[in-house]
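Letters A, B, ... mirror the listed sequences (proteins, then strands); counts begin at 1.
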Protein chains: 2
Amino acid sequence: MAVTIKDVAKRAGVSIATVSNVINGSRHVSAELEEKVRRAIAELGYQPNPLGRALRKGEAYTVALLLPDRSNSFFAQVAWGVEEQVRRYGYALITCNTDEDPELEAFYVSSLLNRRVAGFIVAPTSLGRETLAPIVHQRVPLVVVDRVIDGLPVDQVFSDNEGGAYLATQHLIRLGHRRIGLLVGISGISSIQDRIRGYKRAIEESGLTLDERLIAPGCSQIEEGAAAAEYLLARSDATAIFSTNNMMTLGALRSLKKLGIKCPDDVSLVGFDDSEWASVITPGLTVVAQQAYEMGFLAGALLFRRLTRKQEAPKPRTIKLRTTLITRESTAKPRKVSEVASGEAPAGQTTELGLASPVKSRRFREGG
Amino acid sequence: MAVTIKDVAKRAGVSIATVSNVINGSRHVSAELEEKVRRAIAELGYQPNPLGRALRKGEAYTVALLLPDRSNSFFAQVAWGVEEQVRRYGYALITCNTDEDPELEAFYVSSLLNRRVAGFIVAPTSLGRETLAPIVHQRVPLVVVDRVIDGLPVDQVFSDNEGGAYLATQHLIRLGHRRIGLLVGISGISSIQDRIRGYKRAIEESGLTLDERLIAPGCSQIEEGAAAAEYLLARSDATAIFSTNNMMTLGALRSLKKLGIKCPDDVSLVGFDDSEWASVITPGLTVVAQQAYEMGFLAGALLFRRLTRKQEAPKPRTIKLRTTLITRESTAKPRKVSEVASGEAPAGQTTELGLASPVKSRRFREGG
DNA sequence: ATCTCGTAAAAAAACGTTTTACACCTTCAG
DNA sequence: CTGAAGGTGTAAAACGTTTTTTTACGAGAT
C-alpha cells in the first residue's frame with residue numbers, strides 16, 4: 001500500500017541502507033547518490049514509517065503527559081504549552097488524566113513505559129514518588145511539573161507557590177482583614193503545602209495569631225471547596241477567604257451565592273490560578289496567577305533537551321516560575337466586625353483582634 | 001532488557017508461535033501447553049511489546065483525537081468521555097489541538113495517518129470536508145463530533161444545536177424580549193449554522209421580525225465575543241443577547257462589565273454550553289447545556305465498534321444528542337424600552353413591537 | 001608488485017511481534 | 001490398507017526500519 005524505503009531504494013538504484021543514511025545523515029553518502037535518493041523520495045512522496053523505526057530504535061517518537069485533573073483549566077494551559085513543544089519536534093503527545101488517583105497513575109506509567117514512549121511530563125498525584133519510580137529506574141526522561149517531588153533527580157518545573165500565597169495573604173492583611181480563612185486543596189502535594197506555608201508566613205510576619213480553625217481542608221474539587229467554604233463561613237468569623245485551588249474557588253463562589261453572602265462586602269475572596277472567567281465575572285476575582293502555559297512549554301523544552309542530546313545526560317534542573325497577584329474587585333476592606341454576615345454569632349472568637357502588633361501597622365502604611 | 005516473547009517460549013518449552021497463539025487466541029492450543037505458557041508469562045511478568053505488534057499488524061493501538069480549541073471547556077469534557085473509552089479498550093490516546101486552523105488539521109491528519117493510528121475522532125474545522133478526506137480515503141475509521149459534515153459516510157455525534165438555540169430564543173421571547181441580539185461563533189461549521197437557524201426559527205414562529213443587524217459575527221474567541229457584544233450594545237437596542245459559543249459568552253460578560261451594563265436588569269444573556277463557573281457566578285448564567293461528556297463517550301463507543309468487529313463494517317450512524325435549557329438568573333423580563341441602557345437612542349428601531357401575533361401571545365401563556 | 005588502509009556502498013542482521021506454510025500425528029472413510 | 005481430512009505444533013517469513021558486518025575498490029606505502 002504505502003511507499004516504503006525499499007521502493008525508494010529501487011527507484012534510486014541504491015541499497016536501502018543508503019536511503020536510510022541519507023535520511024538520517026548517519027553516514028556520509030556521495031553527492032551523486034544522495035541527489036538520486038532525494039529525488040526518488042520526492043517523486044514517490046515517501047514518508048518513513050514510524051512503526052518500523054520505533055521497533056528498531058526501541059522508541060516510539062512519542063511523549064506522555066500525565067495530568068491529575070481535566071476539569072481544571074490550569075492543567076489545560078499546561079498541556080497547551082507542552083503540545084506546542086511536542087509539535088515543534090515532530091513527536092506525538094499521549095495525554096492521560098490520572099484524576100488524582102495514584103493507582104491510575106501507576107497503571108498509565110506502566111502501560112506507557114511498555115509502549116516505549118520517549119519521555120514523560122507528569123504533574124504527579126500525592127503518591128508520585130512511588131508511582132513515578134519505574135520511570136526513573138528505567139532511565140526514561142521525566143519532567144515533573146506543578147508539584148515538586150523533593151530529592152528526585154529529574155527536571156522539575158513549578159510555581160513559586162509560597163510566594164504567591166504570601167502575596168495573597170499579605171494583600172488581605174493590608175486591607176485590614178484579621179481573620180482570613182484558608183481553603184486547602186488536596187493534601188500531600190507540594191504546591192498546596194507551599195501555599196499553606198506562604199499563608200502562615202504572611203500571617204505570622206504581620207503579627208497576627210495563626211488560628212488552625214481558619215484552615216479548612218478539601219480535595220481540590222468544587223464540592224469540597226463549597227463544603228469547606230460553608231464550614232468556614234458558618235463556624236468562624238472569617239472576613240476573607242483565600243482558596244488555594246482553582247476548583248475550590250468555584251466551590252467557594254457557590255457557597256457564597258447559596259448563603260447569600262456578598263463579595264466583597266461581606267467576605268473578600270482570593271483564588272489561586274487565573275481563568276478566563278475570573279476577570280469577567282462580577283465582582284472580578286482577585287487571584288494569584290501562575291504561568292501555566294510557560295510551565296508546560298518549559299517542561300517540554302527540558303524534556304527535549306534530554307531527548308535530542310543523547311550523549312551526555314544534562315544535570316537535572318529545577319525551575320521556579322514567578323507568581324503574581326492580580327487585584328480585582330473581590331477583595332476589599334472588611335466591614336466592622338459586628339456586621340459580619342455569619343450564621344453564628346462570632347462574639348467570642350474575635351478576641352485575637354486585640355493583638356495587633358507594630359509590624360502590622362507598618363505594613364499597612366506600605367500597602368496603601 | 002525487557003522480557004520478550006522469545007523468553008516466554010524458551011521458559012515454557014514451546015515455540016514463539018504457540019505463545020502468540022495463546023495470547024491472542026488466534027489458534028487452538030492444547031490445554032497442557034496453554035497452561036505452561038500462561039505460567040511462564042506470569043512468572044516472567046511478560047507484557048507484549050506494542051511496537052512489534054504494531055509493525056506486524058500495520059496498526060499502532062492508538063486513537064487520535066483532534067479538537068479545535070483547548071481553552072473551551074466543552075471540548076475538555078468531550079475529551080474526557082473519549083479518554084474513558086480509550087482506556088477501557090487498552091488503547092492510547094493522542095490528543096491534538098487544531099486551533100480552528102485547517103492547515104494544522106491537515107498536518108495532524110497526515111502525520112497521524114503515517115503513524116498508523118487505528119482511528120480518528122475529530123471535531124473538524126471549517127474545512128473539515130477537505131482535511132479529513134485522506135482518512136476516509138484510506139478507510140481509517142473516523143468519528144466526527146460536534147460539527148456535522150453532511151454526506152460524509154462516517155459515524156457522527158453532535159448536539160441538537162438548532163433545538164437548543166430555539167429553546168433559548170423562545171425563552172427570551174416568552175420573557176417579553178423583542179430585540180434579541182445573536183453572537184455568532186465561527187462561521188462555516190454546522191453547529192453554529194444550526195444555532196443560527198434555531199434562533200431564526202424561534203423569532204419567525206413568534207411573529208417577530210428578523211433583523212439582521214441584531215446578528216453579530218465573531219470567531220469563537222473571547223475577544224471577538226467582546227467586540228461583537230459591544231457592537232450590539234452600542235448600535236442597537238437589544239434587550240437580550242444570545243451567545244452561540246462558550247468563549248464568546250465570556251467576551252459578552254466582559255463587555256457588559258466594561259460598559260457598566262447590568263445583567264439581567266439592563267440586558268438578559270443566554271450562553272451556549274454549561275460550565276463550572278456558569279452556575280456559581282452572579283447572576284447565574286442561563287445556558288443551553290450540551291451533553292459534552294456523553295458526546296465523547298459515544299464517539300468512542302462508535303469508533304471501537306468499528307475497531308473490534310473487523311469483519312463487516314457497520315453502517316455509519318449519526319447520533320443527535322439532546323440539549324437542554326438551564327434557566328438561571330441572567331435572563332429576566334426586559335425593562336421598559338425607554339429605559340434600555342444603550343449608547344444610541346433606540347427610538348426609531350422599536351416599531352416592530354407592534355407586530356405581536358396571536359401565536360406569540362399563546363406561547364406566553366404556555367411559558368408561564 | 002603486494003600489502004595496508006580508508007572510503008563508500010551493499011548485504012545482512014536485528015528489533016518483537018503475527019501469520020503463513022509446512023510437518024507430524026491421529027482418525028476415519030473408502 | 002490407503003488416502004484424505006483435521007488437529008496441533010514448529011519453523012520461517014514478513015512487517016519497515018536502523019545498524020552492523022561484509023564487500024569492493026582505489027590510493028599510497030613498502
Assess the side chains of N21(B) and E34(B): does a donor N or O sit below 3.5 Å from an acceptor N or O? no

Under the salt bridge (Lys or Arg N to Asp or Glu O under 4.0 Å) rule, collect the residues that match up with E130(A), sequence neighbours excluded. none

To the nearest 0.5 Å, what is the distance between CZ on R147(A) and CD on Q156(A)? 13.0 Å

Can you tell me which residue among N97(B), T125(B), T98(B) is in a side-chain hydrogen bond (donor to acceptor under 3.5 Å, both in side chains) with E105(B)? T125(B)

Any side-chain donor near an acceptor of the partner, R87(B) and Y108(A), under 3.5 Å: yes

Indicate whether OP1 or OP2 belonging to dT10(D) is found under 4.0 Å from a side-chain N or O atom of T18(B). yes

Which whole-number value in Å describes the distance from I23(A) CD1 to dT17(D) C1'? 9 Å

Between P of dG16(C) and CG of N24(B), the distance in whole Å: 17 Å

Is it the case that the ring center of Y91(B) lies less than 6.0 angstrom away from the ring center of F304(B)? yes

Whole-Å distance, Y61(B) OH to dT17(C) P, equals 13 Å

Rounded to whole Å, how long is the line connecting atom CG of N114(B) with atom P of dT17(D)? 9 Å

H28(B) has an atom NE2; how far is it from atom P of dG9(D), in whole Å? 8 Å

Describe the nucleic acid contact of S20(A) in one word from base, sugar-phosphate, nothing, applying a heavy-atom distance below 4.0 Å. base

Closest nucleotide among dT8(D), dG16(C), dT17(D) to the L55(B) side chain: dG16(C)

Here the residues of residues 40-52 of chain A within 4.0 Å heavy-atom distance, strictly under, of DNA chain C are none

When we call it a touch if two heavy atoms are under 4.0 Å apart, what does L33(A) touch: a base, just sugar-phosphate, or nothing? sugar-phosphate

Atom-pair distance (NZ on K10(A); P on dA10(C)), nearest Å: 15 Å

Using a 4.0 Å heavy-atom cut-off to protein, can you give one letter per nucleotide of nucleotides 20-26 of chain C, 5' to 3': B if the base is in contact, S if only the sugar-phosphate is, - if neither? -B-----

Given the rule in the side chain to side chain donor-acceptor pair (under 3.5 Å) test, do S159(A) and Q290(A) qualify, once you have shown the distances and angles that lead to the verdict? CA-CA 7 Å; S159(A) 285; Q290(A) 299 187 67; 2.6 Å; yes

In whole Å, what is the span from the CZ atom of R53(A) to the C1' atom of dC15(C)? 14 Å

Test item: side-chain donor near acceptor, T62(A) and R115(B), under 3.5 Å: yes

What is the distance, to the nearest angstrom, from the CD atom on E59(A) to the P atom on dT17(D)? 16 Å

With a 4.0 Å cut-off on heavy atoms, is S30(B) in touch with a base, just the backbone sugar-phosphate, or nothing at all? sugar-phosphate

State, without any angle test, whether N24(A) and S20(A) hold a side-chain donor-acceptor pair at a distance under 3.5 Å. yes

